[in-house]
Structure formats: structure tokens, C-alpha cells
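Here the structure is laid out as C-alpha cells; the discussion comes afterwards.
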Amino acid sequence: NVFWTAPKGNAYYNLAHQYMAAVLNTNNGASVPPSVQSAIASATTFFNTYTPASFAALGKKSSVRTDVINWAGILGSYNEGSIGPGHCDEQNPS
């Protein structure tokens, strides 16, 4: 369900999308810098602790929300190739 839920400015779902992509990239053999390893580990703990509703109940000024936005930024940079092994272009199978 999370894959099909657009983030629409929701920090929980933004992190979820970046997290899923990063985990898929690492499972596919992409190298993982320490900052990304740390963000993945922190996000894993976060998802094991919070549901979308319990996270929303914390409010917009929560330090947890600040962390979530930071982790999503790190993972987004990794997924987009700004940090880590770089962006992989799609290749035409011939």
C-alpha cells in the first residue's frame, strides 16, 4: 500500500518511498556510504516504532519529524545519485 500512497508533502510517506528505493538499490548491490547506512538503520527503527497515525500525532514541531525529513533527504540524494555510487542510466537490452 505504501508504494501506491503518494507522499503529497507527508514526511512519513516521503521517507517510506526513499527508504524502499534505497533498500532495493542496496539489495541490488549498490555500494552504500556510511551516511546512507545510518539513515537506513534509523528509518528501519522509525518504521518499527511509528505508524502514519502515531507519527502524525507527534505534530509538525516534533524532533522526530526533523529526523525523518533529514533521513529522507539523505536517502533521496543516494537514490538520485548525488551521493554513493552515482545514478545508473537505463540500458537498452539488445
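Quantities reported herein were computed from a predicted structural model and do not represent experimental measurements.
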Open item on the list: Let's go through Phe55 and Thr49 carefully: what are the C-alpha distance in whole Å and the side-chain angles of both, what is the deciding distance for side chain to side chain contact (heavy atoms under 4.5 Å, CB included) to 0.1 Å, and is it a yes or a no?
Closed with: CA-CA 9 Å; Phe55 173 67; Thr49 305; over 6 Å; no
Task: Under the side-chain contact (heavy atoms from CB on, under 4.5 Å) test, residues paired with Ser62 that sit two or more places apart - done: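 Testing Ser62 for side-chain contact (heavy atoms from CB on, under 4.5 Å), a comparison that skips the adjacent residues, returns Leu58, Val64, Arg65.
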Open item on the list: My understanding is that only residues two or more places apart in sequence, or in another chain, count here; which of them pass side-chain contact (heavy atoms from CB on, under 4.5 Å) with Asp67?
Closed with: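 side-chain contact (heavy atoms from CB on, under 4.5 Å) check on Asp67 returns Trp71.
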Task: Contact summary for Tyr78 and Ser31, nearest pair of heavy atoms - done: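 Reported closest heavy-atom pair: OH-O, 3.0 Å.
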Open item on the list: Can you give me the closest heavy-atom contact between Ile74 and Ile83, atom names plus distance?
Closed with: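 Looking at all heavy atoms of both residues, the shortest contact is O-CD1, 3.6 Å.
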Task: Side-chain donor/acceptor of Ser38 to backbone N/O of Pro34, under 3.5 Å - done: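 Pair absent, no side-chain N/O of Ser38 close to backbone of Pro34.
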Open item on the list: I'd like to know if the side chain of Tyr19 pairs up with that of Thr44 as donor and acceptor (distance under 3.5 Å, no hydrogens or angles considered).
Closed with: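 There is such a pair between these side chains.
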Open item on the list: Would you compute the distance between atom OG of Ser42 and atom CG of Leu75 and round it to the nearest 0.5 angstrom?
Closed with: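 Those atoms lie 9.5 Å apart.
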Below 3.5 Å, can you tabulate the donor-acceptor pairs from side chains in residues 20-27 to any protein atom, sequence neighbours excluded?
unit_1 : atom_1 : unit_2 : atom_2 : d
Asn25  : ND2    : Ala21  : O      : 3.2
Asn25  : ND2    : Asn79  : OD1    : 3.0
Thr26  : OG1    : Ala22  : O      : 3.4
Thr26  : OG1    : Val23  : O      : 2.9
Asn27  : ND2    : Val23  : O      : 3.4

Open item on the list: Could you go through Ser54 and Thr51, starting from their C-alpha distance and side-chain angles, then the distance that decides it, and tell me whether this counts as side chain to side chain contact (heavy atoms under 4.5 Å, CB included)?
Closed with: CA-CA 5 Å; Ser54 65; Thr51 64; 3.2 Å; yes
